[in-house]
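Structure first, then comments.
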Amino acid sequence: MDKGWDSSKGQFKRSKSSHEYIEEEFRRLARKGRNHLVLQEVLSFRTTGLTLPVDVWHLGVLWVLDKNHDGKITLEELYDLEDFCREKGSKYPSYEQEANVKALCTIRLWKDVGMTPDGKDMFTNWIATLLIENSSERRRFWRYGAHQYIHVYTIETLHQFLRIQEVLGIGFQSFVDVLQRVAEEQKLMDLNDEEQDDWVPLSVVKEFIGSTYFGAAKLMSDIFPEIHDVSI
């Protein structure tokens, strides 16, 4: 709460509610004319002063936050996440709330996608939707038919979101190079074509996301073999 003495008015400031903090941050980030946040804006969301004890860009937290998984984060969804954090976090001491809420969100993600036959597709399509909504620049190249391409600035957002540098030790430019080389092998790019320098086929990005899913699925299966019995 930012309650304090306002010398200009000779009175104490009114304490802001958590909803007001959330709305201010939402309005700060949302592009004019939009009533939702996209992935890059979510990555810039500040939780300081809010009753959100977790980073909203954490993978599991974002899955819970983006309730309908349309890649658009609304103000109402942020309010709902606050309610979720308050309800679940109240069961733990303050110093344990962040870790436990993140764990619960991760379990929710795994229960939703890991325990269903089409979990890989659900997860991959959700991340792809986040990227598509984030990308104001998308295009096709006539010689590659209906394949959709996204700009490298959105690839940079993906690199940041999935913490690829920290997890895999691959820098952003190297990550782009790998994706574009795979695209060339699949005859979806010509690395000598300057027109394609800043683009990556969405289908190749989805393949990468699918590969990360399988690695995470094995890990989660080992950690939570009886996850269907976990109550959230």
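We number each residue from 1, following the sequence as shown. Computed from a predicted model, the values in this text were never measured in an experiment.
- Listed here is the closest heavy atom pair of S136 and R31: CB-NH1, 4.3 Å.
- Two residues are said to be in side-chain contact when any heavy atoms from C-beta on lie closer than 4.5 Å; F84 and L65 fail this criterion.
- We find that E185 and R181 are not joined by a salt bridge, their nearest charged nitrogen and carboxylate oxygen being 4.0 Å or further apart.
- Heavy atoms only, all atoms of each residue included: V200 and Q180 are closest at CG2-CG, 4.0 Å.
- In this structure, the side chains of K88 and N100 stay at 4.5 Å or more apart for every pair of heavy atoms.
- In this structure, CD on Q196 lies 9.0 Å from CG on L188, to the nearest 0.5 angstrom.
- For the pair G60 and L109, the tightest heavy-atom approach, listed with the atom from each and the gap, is CA-CD2, 4.2 Å.
- Residues Q40 and Q160 form a side-chain contact, since some pair of their non-hydrogen atoms from C-beta on lies under 4.5 Å apart.
- Between the side chains of W126 and D66, at least one donor N or O lies within less than 3.5 Å of an accepting N or O.
- A distance of 6.5 Å separates CG in L131 from OG1 in T154, rounded to the nearest 0.5 Å.
- Under the 30°/60° scheme for interplanar angles, the aromatic rings of F141 and Y144 are found to stand perpendicular.
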Quiz item: Which is it for W199 and V152 under the side chain to side chain contact (heavy atoms under 4.5 Å, CB included) test, yes or no, and what are the steps along the way?
Solution: CA-CA 6 Å; W199 301 93; V152 292; over 6 Å; no
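- In this structure, T106 and L59 have side chains that are not in contact, with every pair of non-hydrogen atoms separated by 4.5 Å or more.
- Of the inter-residue distances, the one linking L81 atom CG with R86 atom CZ reads 10.5 Å to the nearest 0.5 angstrom.
- F175 and Y153 fall into different hydrophobic clusters, where Ile, Leu, Val, Met, Phe, Trp and Tyr are joined by side-chain heavy atoms under 4.5 Å apart, directly or via other members.
- Between the side chain of R138 and the backbone N or O of I150 there is no donor-acceptor pair closer than 3.5 Å.
- Put simply, the side chain of T157 does not reach to within 4.5 Å of the side chain of V38, judged on heavy atoms.
- Atom CD of Q173 sits about 9.5 Å away from atom CD of E156, to the nearest 0.5 Å.
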Quiz prompt | Worked verdict on E98 versus D55 for side chain to side chain contact (heavy atoms under 4.5 Å, CB included) | solution = CA-CA 9 Å; E98 179 177 7; D55 296 325; 4.2 Å; yes
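- If you check the side chains of Y149 and S135, you find no donor sitting under 3.5 Å from an acceptor.
- The neighbour count for R143 CZ, taken as heavy atoms of other residues, nucleotides or ligands under 6.0 Å away, is above 12.
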Exercise. Let me see the working for V42 and L62 under side chain to side chain contact (heavy atoms under 4.5 Å, CB included), right down to the final yes or no.
Key: CA-CA 9 Å; V42 169; L62 187 55; 4.1 Å; yes
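- Residues E41 and H36 have side chains that never bring a donor and an acceptor to within less than 3.5 angstrom of each other.
- Side-chain contact between N35 and L75 is absent, with no heavy atoms from C-beta onward closer than 4.5 Å.
- Contact check for P201 versus V205: no side-chain heavy atoms found under the 4.5 Å cut-off.
- Connection of V167 to W57 is established within a shared hydrophobic cluster, with ILVMFWY side chains joined at heavy-atom distances below 4.5 Å, either directly or through further cluster members.
- In summary, E24 and R28 do not engage in a salt bridge, as defined by a charged side-chain N under 4.0 Å from a carboxylate O.
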Practice problem: Let me see the working for V54 and H58 under side chain to side chain contact (heavy atoms under 4.5 Å, CB included), right down to the final yes or no. | Solution: CA-CA 8 Å; V54 294; H58 176 273; 6.0 Å; no
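- In summary, the side chains of E207 and Q186 do present a donor paired with an acceptor at a separation below 3.5 Å, with no hydrogens or angles considered.
- A donor-acceptor contact under 3.5 angstrom links the side chains of N125 and K206, judged on distance only.
- In terms of modelled atom types and a separation under 3.5 Å, the side chain of T124 and the main chain of D121 share no donor-acceptor contact.
- Note: W63 and H69 have parallel aromatic rings, judged against thresholds of 30 and 60 degrees for the angle between ring planes.
- The backbone N or O of I170 sits less than 3.5 Å from a side-chain atom of H159, completing a donor-acceptor pair.
- Remark: aromatic rings of F26 and F45 are distant, center separation not under 6.0 Å.
- A donor-acceptor pair is defined here as one N or O able to donate and one able to accept, closer than 3.5 Å; such a pair exists between the side chain of E184 and the backbone of L191.
- Remark: L130 CG to L158 CG distance equals 9.5 Å, nearest 0.5 Å.
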Self-check item: Check against salt bridge (Lys or Arg N to Asp or Glu O under 4.0 Å), R139 and E195
Solution: CA-CA 11 Å; R139 66 169 297 178; E195 187 182 11; 3.1 Å; yes
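- At a threshold of 4.5 Å between non-hydrogen side-chain atoms, the residues K67 and D80 count as touching.
- Ion pairing between a basic and an acidic side chain is recognised when a charged N comes within 4.0 Å of a carboxylate O; R46 and E25 show such pairing.
- The minimum heavy-atom distance linking L179 with V204 is given by the pair O-CG1, 3.6 Å.
- To the nearest 0.5 Å, the span separating CD1 on I22 from CD on E77 amounts to 12.5 Å.
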